[in-house]
Amino acid sequence: MPAAQRPALLYFIAAFASGCVLAMMTHLNAVMSFYSNAMFASWTAHATGTVVSIALLGLLGLRKRAGAVEAKPSIPWWAYLGGVFGAATVVCAALAVNSPLALSGAIAIGLASQVLFSLAADYWGFFGLPARRLDRRDLVVVALILAGGLLVIMAGATA
C-alpha cells in the first residue's frame, strides 16, 4: 500500500480504543440488564449518551473555528437509522452477555457478524460505500475470526 493511502497510527489507536470501549459498554449494559431488563438497560444507556453528547456539543460549541465553514451535503435519510441499530445492539448484547455465552462469547460472535456484514457492505456498496471486489484473503479472515470465536465460546463453556 502506498504511503499516501496508509492510515495514520492515530486511526489504529482509535479503532483499538473503540473496541475496548465497546466491550466495556457491552458489559456495563449487561450488568444493568441483569438487575433490571434489556429494554431498561437500552433506555438508560441511550439517555446517558444523549446527556453526554449534549454536554460535549455545548463545550465544543463554545470554541469557534477560525476561517470559513465549508458547506456539507445534506444527510442521507438512512444515516438516521444509526440510533435504531444502536438501540438494537444494546438490547441484543445485554441478552447475549447474560446467557451462557458470557461477555467473551457475545463479543466474539459480535465481531464475526460485524466482519461478515462489513464484507457484504463493501461488496454491494451499502450506505454509500464504494463497492469493492472480495478476494480469498477476506474469506480466510472471516474463517479465522469464526474459528477463534468458536474456540472462545467452547473454552468458556468448559470453564
Side-chain angles (χ1 to χ4, degrees), residues 7-63 72-132 134 138-139 141-159:
L9 178 62
L10 174 66
Y11 300 123
F12 287 98
I13 293 169
F16 183 82
S18 82
C20 294
V21 171
L22 179 63
M24 286 188 291
M25 178 206 71
T26 301
H27 173 66
L28 295 175
N29 289 336
V31 169
M32 176 80 68
S33 174
F34 178 79
Y35 288 104
S36 58
N37 61 58
M39 291 302 288
F40 180 78
S42 178
W43 276 102
T44 304
H46 286 86
T48 304
T50 299
V51 170
V52 170
S53 295
I54 290 169
L56 287 174
L57 284 171
L59 288 173
L60 294 175
L62 295 176
R63 293 186 340 174
K72 292 185 178 183
S74 62
I75 300 170
W77 68 267
W78 41 261
Y80 293 97
L81 296 175
V84 174
F85 296 128
T89 299
V90 171
V91 170
C92 292
L95 292 171
V97 171
N98 287 315
S99 77
L101 288 174
L103 181 62
S104 59
I107 295 292
I109 291 173
L111 174 63
S113 66
Q114 287 174 25
V115 172
L116 286 170
F117 181 82
S118 298
L119 288 174
D122 283 349
Y123 182 77
W124 283 298
F126 294 162
F127 306 115
L129 289 169
R132 78 171 183 90
L134 304 180
D138 295 315
L139 299 176
V141 166
V142 170
L144 289 172
I145 290 172
L146 287 172
L150 285 172
L151 288 172
V152 166
I153 293 165
M154 291 181 347
T158 59

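Sequence positions, counted from 1, serve as the residue numbers for this chain. Atom set for the values below is all heavy atoms of this structure, side chains included, hydrogens, waters and symmetry mates excluded.
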*Would you give the length of the straight line joining atom CH2 of W124 to atom CG of L119, rounded to the nearest 0.5 angstrom?*
10.0 Å
*asked:* Check whether T44 reaches the backbone of A41 with its side chain - one donor and one acceptor, N or O, closer than 3.5 Å.
replied: no
*Enter the distance from I107:CD1 to H27:NE2 here, rounded to the nearest 0.5 Å.*
11.0 Å
*Looking at V97 and A106, what are the two nearest heavy atoms and their distance?*
CG2-CB, 3.7 Å
*Check for a donor-acceptor pair, side chain of N98 on one end and backbone N or O of A30 on the other, with a separation under 3.5 Å.*
yes
*Please list all pairs passing the salt bridge (charged side-chain N to carboxylate O under 4.0 Å, His left out) test where one or both residues lie in residues 95-124, with sequence neighbours left out.*
D122-R132
_Rounded at 0.5 Å granularity, tell me how far OG in S104 sits from CG in L151._
11.5 Å
*F127 atom CZ, over 12 foreign heavy atoms within 6.0 Å*: yes
*Where is the tightest heavy-atom contact between A45 and V90, given as atom of each residue plus distance?*
CB-CG1, 4.5 Å
*Taking atom CZ of F126 as the centre, does the number of heavy atoms from other residues, nucleotides or ligands within less than 6.0 Å exceed 12?*
yes
*Does any non-hydrogen side-chain atom of L139 lie less than 4.5 Å from one of L134?*
no
*Which distance, rounded to the nearest 0.5 Å, do you find between the CG of L129 and the OG of S118?*
9.0 Å
_Which atom of L146 lies closest to which atom of A112, heavy atoms considered_ = CD2-CB, 3.4 Å
*Looking at CD1 of I145 and CG of L116, how far apart are the two atoms once the value is rounded to the nearest 0.5 Å?*
8.0 Å
*What pair of heavy atoms forms the shortest contact from S42 to A87, and how long is it?*
OG-O, 3.7 Å
*Nearest 0.5 Å please: distance from the CG atom of L103 over to the CE atom of M24.*
11.0 Å
*Write down the atom of L101, the atom of A96, and the distance for their closest heavy-atom approach.*
CB-O, 3.8 Å
*In this structure, are over 12 heavy atoms from other groups packed under 6.0 Å from I75 atom CD1?*
no
